[in-house]
Amino acid sequence: VTRSTVMDTTARLVLHSALVLSLYLLVAGHNQPGGGFVAGLVAGAAVALQYVAGGVDDVRALSRVRPWFILGGGLVIAVATALAPLVTGGALLESGEADLTLPLVGTLHLSTALAFDAGVYGVVVGVVLMVFEAFGDEPEEATT
Amino acid sequence: MSWLTGLLVAHAVVGGALVASGHRLRRAAFPLGALPMAAALVAVAVTTGEVAGGQVRDEWSWVAGLDLDVSLRLDGFAQLMVVVISGVGTLVMLYAARYFGDTAVAGRTAGLLVLFSGSMLGLVLADGLVLLYVFWELTSITSWLLIGTDHTKPEARAGARHALLVTGAGGLALLAGLILLGTAAGTWSLSELLADPPSGGVTGAGLALVLVGIMTKSAQYPTHAWLPGAMVAATPVSAYLHSATMVKAGIYLAARLGPVFALTGAWRPVVVGVGLFTMVAGGLRALRQNDLKLLLAMGTISQLGLMLVLFAVGVPEATAAGCVLLVAHALFKAALFLVVGIVDHEAGTRDRRKLAGFGDGWGPVKVIAAVSAASMAGLPPLLGFVAKEGAYEALLHEGAWGVATTVGFVAGSVLTVAYSARFAATVLARPAPGATPVPAPRATFVAPAAVLAGLTVAGGLAVSALVEPLTDGATQALVPGAEHVHLALWHGFGVPLALSALTVALGAALVVGRDRVARVQAALAPQRDGDDVFAGLVHGLNVVAGRVTGVVQSGSLPVYLAVTLLTAVVTPAGAVLLHGRFPGWPTFADTPLQAFLAAVLVAAALVAAVTDRRFVAVVLLGVVGYTMGLIFVVQGAPDLALTQFSVETLSIVVFMLVLRYLPSGFKRRAPAMVTWVRAVIASTVAAGVFALTLISAGSRTEPSVSSEVVASAAEDGAGDNVVNVVLVDIRGLDTLGEISVLVLAAVGVVALARAGRRPRGLAPPESDDASTPPAPEAVETAKEGM
């Protein structure tokens with residue numbers, strides 16, 4: 001991979017802000033524009049930028065967790081959230097909510113829908129990572 | 001929940017634990033597995049009094065939303081079945097401990113046998129139609145696993161697959177039939193259905209489908225061929241599943257339905273016809289076999305045919321005779337299988353041409369074989385004789401068609417006498433002088449078969465004390481309002497005894513003239529047997545599937561796209577043209593900016609369609625997507641725009657990834673004709689989508705649900721972002737399905753992309769000695785670590 005200083009610097013600057021933005025979109029999504037799907041896509045776009053800058057090795061270096069664990073983990077979280085109310089006698093996917101007051105941050109209105117959304121987020125990010133894993137290698141046989 | 005459920009759970013737990021234990025328990029797995037079976041036997045013995053007064057029931061809610069209960073009931077007939085299943089099971093397990101010894105498959109086989117036994121118990125205890133079907137299929141699956149235990153042998157795999165495909169297909173027919181019957185009767189309880197039987201066309205169709213299930217499971221012609229194939233299984237498995245129990249599942253169901261539906265439609269003539277044909281054809285095949293196990297298998301098919309006949313008659317006498325035969329058959333056939341297993345184990349073959357007789361120490365085995373074969377042939381004073389006498393007696397009371405049936409029955413019985421003699425002669429033979437003596441089996445190996453043979457004798461001699469209570473309860477449970485049917489070894493001189501004598505005489509004649517019989521058999525033997533037919537069917541299915549795939553999956557992306565797009569547009573467009581109403585043209589543009597963006601979008605799309613370079617096309621598609629996002633911004637939809645931009649960015653990057661594997665330019669220009677066809681398809685799709693959007697937006701007849709959704713989003717979903725509340729709450733189940741599809745698609749994409757090429761991560765480490773190839777374990781580990 002031929003590296004460009006401009007791309008490297010941009011990627012490094014943007015990556016973390018984009019990831020924070022995606023987390024914001026995830027948490028805020030219930031009441032403002034955002035949500036797990038969009039948040040996952042924004043994180044995916046940040047990963048794509050990383051890929052353009054440094055190839056698949058840079059993408060792999062982003063996290064020690066392998067893509068299929070993120071993908072599967074997301075699905076597990078979503079399914080677990082959906083099934084959880086059944087244990088307590090509720091209906092499938094029934095949502096519960098709670099207010100959480102944190103110092104400095106203020107009061108957070110939390111809903112179990114957020115956990116479900118986090119699962120969606122994980123799946124979307126996982127899909128993006130999987131695609132880079134599948135096609136991100138340098139074509140070995142340039143003849144094909 | 002009561003002890004009936006407890007028994008089933010015990011089987012499941014013990015069976016699962018034994019399978020999981022692998023070979024750690026060694027041969028001790030078998031006695032451990034015998035425990036739940038023995039417990040079932042004891043439980044049934046203890047509750048005889050309760051059952052005699054009616055039945056033991058056990059019900060609990062299973063799927064409340066579908067009104068499905070787990071309802072189990074122990075009545076007289078179920079009791080008889082449990083005694084057979086658990087009794088033979090216990091003995092077979094004790095025998096198997098010696099047969100398998102400390103082999104690696106011991107735990108797995110023992111566990112699967114227990115699981116099978118539990119499924120079989122569930123099958124005969126189930127009162128719910130759906131529950132019965134579930135257990136029915138469980139027996140098919142455990143049988144498949146047990147036949148294929150030796151999965152490195154191709155014939156074991158073929159036999160297992162054959163059995164599973166045939167009984168599985170029959171199981172599906174049974175499910176359809178049970179659903180039809182349940183719908184016709186308006187109940188999902190077998191006992192309610194039988195108490196108030198439905199009638200009419202739906203019932204007839206349901207019975208026909210159920211009969212298909214019965215025939216496949218009980219190996220009736222023409223679906224019998226899987227049973228000889230299943231003989232690749234270990235002998236204890238064959239003894240238990242393929243003679244004493246599983247193949248009786250069909251008989252069990254036929255016995256339940258027979259007395260009630262005997263006179264409904266064509267049930268009796270059809271079932272009697274199938275059974276008689278099977279009895280004679282199976283007998284002829286048995287007489288041809290040289291492999292002792294195959295001889296017994298074909299004999300089993302023949303005897304199952306006879307049982308089907310008796311239970312299809314539907315009168316108490318015939319049903320009682322069927323019950324006796326069911327018990328007698330389980331006793332003698334299991335014992336004979338165990339004998340074959342001993343012979344095979346000690347002599348290393350079960351081909352009667354290679355067995356040169358048995359000498360010192362084989363006395364007990366010979367007695368067991370002689371007694372059991374005699375019971376199979378229907379000789380007094382054994383239980384098999386009681387069954388056959390009872391059957392003659394019952395059929396002769398049924399008028400003209402009963403006499404006709406008797407003729408077929410006598411023919412089948414003559415063959416039975418002949419093949420019983422063929423079997424017995426092989427085992428009873430004295431060793432030729434000078435032949436290497438076959439080592440005698442240990443007493444513990446012979447004991448289970450000895451118990452079965454002892455019961456055959458005792459059951460015959462003391463039939464009214466030992467067998468009658470069991471069959472009497474069964475008959476009264478099966479035939480509504482049945483009187484007491486007396487069983488006796490000695491019926492006095494009469495037609496049945498004369499028929500028995502005739503049967504034995506003719507059978508003896510067949511034995512005496514066996515060389516001539518063999519020549520006739522060889523001439524009559526069909527060129528193709530059921531196995532060939534099955535292989536032909538499977539082959540034909542593969543060929544047809546291959547052709548269909550060749551046509552449907554042409555491999556041409558343009559063709560796939562054209563078919564998909566045209567279907568997606570033409571179908572709804574047709575409906576719109578027929579029922580739609582043109583709502584008039586909408587406002588062209590709200591602001592000049594919109595018109596400008598639309599113009600950019602159209603221009604980019606047009607250039608993308610005509611460019612020669614893939615790269616240019618991808619970039620222009622990106623322009624289309626981003627412009628669309630800008631239009632969303634102008635319209636005031638920030639979340640849509642956000643999504644659109646993110647999707648677009650990722651799509652372009654992914655496109656670029658894929659482009660690296662493709663030539664930079666599109667293929668040589670297609671012929672003009674093809675280009676025109678493509679242009680027409682593209683224009684049709686575009687015009688269709690445009691018309692669809694325009695007309696469907698203007699065709700609203702009911703008020704929009706949007707306001708309702710918005711209201712409930714804030715109220716129930718506790719969120720202000722309606723789109724997100726819809727995604728995660730209101731339509732949460734849809735989202736769950738979608739992300740599951742996404743996960744599958746991602747896994748599939750990676751698998752496809754990686755097929756045939758080595759991922760970079762798997763390169764062999766260079767730091768080590770480069771001259772030695774990487775150890776296979778290292779590659780395996782690397783794969784797992786990926």
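Order of the sequence lines sets the chain letters (A, B, ...), proteins ahead of strands, with each chain counted from 1.
Within a 6.0 Å sphere centred on OH of B:Tyr560, other residues, nucleotides and ligands contribute more than 12 heavy atoms. Around the CZ atom of B:Phe632, the shell of radius 6.0 Å holds more than 12 heavy atoms that belong to other residues, nucleotides or ligands. Atom CE of B:Met628 has 12 or fewer heavy atoms from other residues, nucleotides or ligands within 6.0 Å.
The side chain to side chain donor-acceptor pair (under 3.5 Å) contacts involving residues 116-128 of chain A comprise A:Ser22-A:Tyr121, A:Asp117-B:Asn724, where partners must be two or more places apart or lie in separate chains. Here side chain to side chain donor-acceptor pair (under 3.5 Å) pairs that include residues 5-20 of chain A, with residues two or more places apart or in two chains, are A:Arg3-A:Asp8.
Residue contact with chain A, scored on non-hydrogen atoms closer than 4.5 Å, is absent for B:Leu640. Both the backbone and the side chain of A:Ala78 have a heavy atom closer than 4.5 Å to some heavy atom of chain B. Of the atoms belonging to A:Val79, heavy atoms from both backbone and side chain fall under 4.5 Å from chain B. Contacts between B:Val722 and chain A at a heavy-atom distance below 4.5 Å are absent for every atom of the residue. Heavy atoms closer than 4.5 Å to chain B are found in the side chain of A:Leu25, but not in its backbone.
Within the 4.5 Å cutoff, the side chain of A:Phe116 has heavy atoms near those of the B:Leu736 side chain.
For the set B:Val747, B:Val723, B:Val728, B:Leu727, the count of heavy-atom pairs under 4.5 angstrom toward chain A peaks at B:Val728. For the set A:Ala45, A:Gly29, A:Ala28, the count of heavy-atom pairs under 4.5 angstrom toward chain B peaks at A:Gly29.
When all heavy atoms are compared, the tightest approach of A:Met130 to B:Val750 is O-CG2, 3.4 Å.
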Check residues 644-654 of chain B and write down every donor-acceptor pair under 3.5 Å in which the side-chain atom is one partner and the other belongs to a residue at least two apart or another chain.
residue  : atom : partner  : partner atom : Å
B:Gln644 : NE2  : B:Gly625 : O            : 3.3
B:Gln644 : NE2  : B:Glu648 : OE1          : 3.3
B:Ser646 : OG   : B:Leu642 : O            : 2.9
B:Thr649 : OG1  : B:Tyr626 : OH           : 2.9
B:Thr649 : OG1  : B:Phe645 : O            : 2.7
B:Ser651 : OG   : B:Val647 : O            : 2.5

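Within residues 35-44 of chain A, the residues having any heavy atom under 4.5 Å from a heavy atom of chain B are, by residue number, A:Gly35, A:Gly36, A:Phe37, A:Val38, A:Leu41, A:Val42, A:Gly44.
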